[in-house]
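Chain identifiers are assigned alphabetically (A, B, ...) following the order of the sequence lines, protein sequences preceding nucleic acid strands; residue numbering begins at 1 within each chain.
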Amino acid sequence: MIRAIDSGLKKAALEVQEYVFLTAAAFRGVFTRPIYSHDIVEQFDLIGVGSLTVVLMTGLFTGMALASQSGLTLDQFGARPVVGRLVSASMIKELGPVLAGLMLVGRVGSGIAAELGSMVVTDQINALRALGTDPVRKLVVPRVLAGFFMAPVLTIISDFVGIFGGWVVSRFQLEVASGLYWSSVTKSLYMQDVWMGLIKPFVLGFIIVTIACHVGLRTSGGTQGVGKATTLAVVAGSVAVIAADFFVTQILIFTIYPR
Amino acid sequence: MKATANGLTAKQVLAEVGAPVVVFDRVQLAFDDKVVLRDLSFTLIKGHTKIILGASGSGKSTALKIIVGLLKADAGVVWVNGQRVDQLSEHELMAVRTDLGMIFQEGALFDSLTVRENVGYKLYEETDMPLEEVDRRVEEVLGFIGLAEHIDKMPSELSGGQRRRVAIARAMAFKPSVLLYDEATTGLDPITATTVDDEMIKLRDLENVSSIIVTHQLRDAFYVATHMATRDRDGTVHVVPATPQKERQAEFIMLRDGLIIFEGDADAFRNSKDEYIQEFLA
C-alpha cells in the first residue's frame, strides 16, 4: 500500500517536472531561433478560426439561458429591467472565459493530444529529431502561441455573442426594452471586470495547450495509448481550466479591485 | 578542429579510406531493471555495411537510437563522424545529425505532408537552400528510388514498400554519409523487400554511404551482403552478385540479450557453429 502511494507520488512528481521542462523549453523556443513561422500561422488558423463556430454557439446559448434564468429570479425582486447587468457581468467575468476554455479543451486539447500522441507512437517525433528538428520548436511553440493569443480573441467573441443572446431573450421573452437592456449591460461594468475577462483567457489558453502537448508527447502504448492520452488531455485540461479560473479570480480580486 | 596524434584533423582522418565513422565502445543501457545493452563494442568503417541481427528485444534498434542520440547510453563511449555523441546535449546533437540519416520501422513518414514535402523536409525546413534547388534534389532522389510519379501523393496513398522507399529517399535527400536502417524491410513481401534492399545496395555502392542495417530478416541481410550495384556507361544501374572483396565490406553482428555473440562476414556467419546462430539460421 505504502509502496503504491510512494510510486504514485513519484510518478506525479515526474509528470509535473516534465510539464515544467516542456513549458520552459516552449518559452525558450518563443524567443530564440529557429522559428517555424508558417506552422505558427497554420496553428492560429486551426485553433482560432477553427474553434469559432463552437465558441459562437456556446456563447449564444449560454447568454440566452442566463438571461432566461436571471429573469425568473429577478422577477421575485421586481428587478427584471437589470437583467442586462447580470448577463454582462456573468459572461465577461466568468462564463465567457471558462466556457470558451472548456470548449477549447474539448476541441483543441483533444486534437493536439491525439495528433502528437499518434506522432509519438508512429516514431514521427523521433524522425523529426533525427532530421535535426526540435519537436518542441516545431510542434509545441506554434500551438502554445496560438492557444495563448487566440483564447482571448475567442473569449471576447463569446462574450459579445452571449450578451447578444441575452438581449434576444430579454427583448422577446422577458419583454425588457432594448435601450434598458443595453444601458444596464454597460452601466454595471467596471474596468476591473473587463481586465478580469481579458487576463483569464490568456492563462487558460496557455494551460490548455501546454497540458495537451505534454500529454501528447508523453504518449506510450500504441493506438490504445493515443486514446488514453486524448481522454487524459480533456479531463486534465477541464479540471485545470476550472481550478486556474478560481486561482486567477482570487489573484485578480486581490490585485486589481479596490479594497 | 582538434588535431589527432599524427597531426591530422578529425575531418582529414574521416576522409581517408578505412576511416571509422561509427564507434561503439563498451556501451551499456538499461531501462529500469531490464538490461538492453550489456557491453556493446563495434566499429563501422567508411563505405562499409554493418548488419546487426538478433531476436526481438535483443537491443538492435536501441543501438541505432543511441547513434542518432535519440537515447543516451548509461555507460560507454559512442563516436559518430569524429564526434563523441554520448556527451552531447540535444542542441549539440543537431549538428551531428546533419550527416546521419535514419530509416525507421514502418517509415515514420509525416502523415500531413506530401511525398515531396516528406522527402525534402530537412532541406525545406532546416537549411537555407533555395526552393528551386530543393525541388530539384527531391525529384532527383525520388527518381533514384523510382518513385518520381508519386511526388504529390500523401503517404496514406502509398503501399508499405513505397512508404519505406520514400523514407529512404527522405533520409538520403540531404546526402548524409551514414545511413541507419531500422527494420526497413520488416513486414514487406519478398519482392517488395528486394526493391528496398536494392536501394540500400545502390546507396552504399553508388553514393558511398556507410550503413548500419538492423533486421531480423535473414534473406534481406544476406542479399545486401552478397550483392553490389554497378552503373553502366549509359547510366543504367544493375544489382549483381558481389565480388569477394566487396562481400567482406559487409559485416554481420549477432546480438543476444544485449551482447555480441558473433561478428564477421557472411560466409563466417553462415558457417558458425554457435548453436543459437544455427537455430537462428534454420
Using non-hydrogen atoms and a limit below 4.5 Å, what part of residues 104-120 of chain B faces chain A?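 Near chain A, by residue number: F104(B), A108(B), L109(B), F110(B), D111(B).
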Using a cut-off of 6.0 Å, state whether more than 12 heavy atoms not belonging to [X] lie near its atom [atom1].
{"X": "H91(B)", "atom1": "NE2", "result": "no"}
{"X": "K153(B)", "atom1": "NZ", "result": "yes"}
{"X": "F202(A)", "atom1": "CZ", "result": "yes"}
{"X": "Q224(A)", "atom1": "CD", "result": "no"}
{"X": "K175(B)", "atom1": "NZ", "result": "no"}

When rounded to the nearest 0.5 angstrom, what is the spacing between [atom1] in [X] and [atom2] in [Y]?
{"X": "N126(A)", "Y": "L64(B)", "atom1": "CG", "atom2": "CG", "answer": "11.5 Å"}
{"X": "T133(A)", "Y": "K122(B)", "atom1": "OG1", "atom2": "NZ", "answer": "7.0 Å"}
{"X": "E90(B)", "Y": "R129(A)", "atom1": "CD", "atom2": "CZ", "answer": "4.0 Å"}

Heavy-atom distances under 4.5 Å only: say whether L128(A) touches chain B with side chain, backbone, both or neither.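 When you check distances to chain B, atoms from both the backbone and side chain of L128(A) fall under 4.5 Å.
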What pair of heavy atoms forms the shortest contact from K65(B) to D123(A), and how long is it?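 For K65(B) and D123(A), the tightest heavy-atom pair comes out as NZ-OD1, 4.4 Å.
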Minimal non-hydrogen separation, R170(B) against A127(A), with atom names: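 Scanning both residues, the minimum pair turns out to be NH2-CB, 3.6 Å.
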Contact part of L100(B) toward chain A, heavy-atom cut-off under 4.5 Å: side chain, backbone, both or neither?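 Backbone only.
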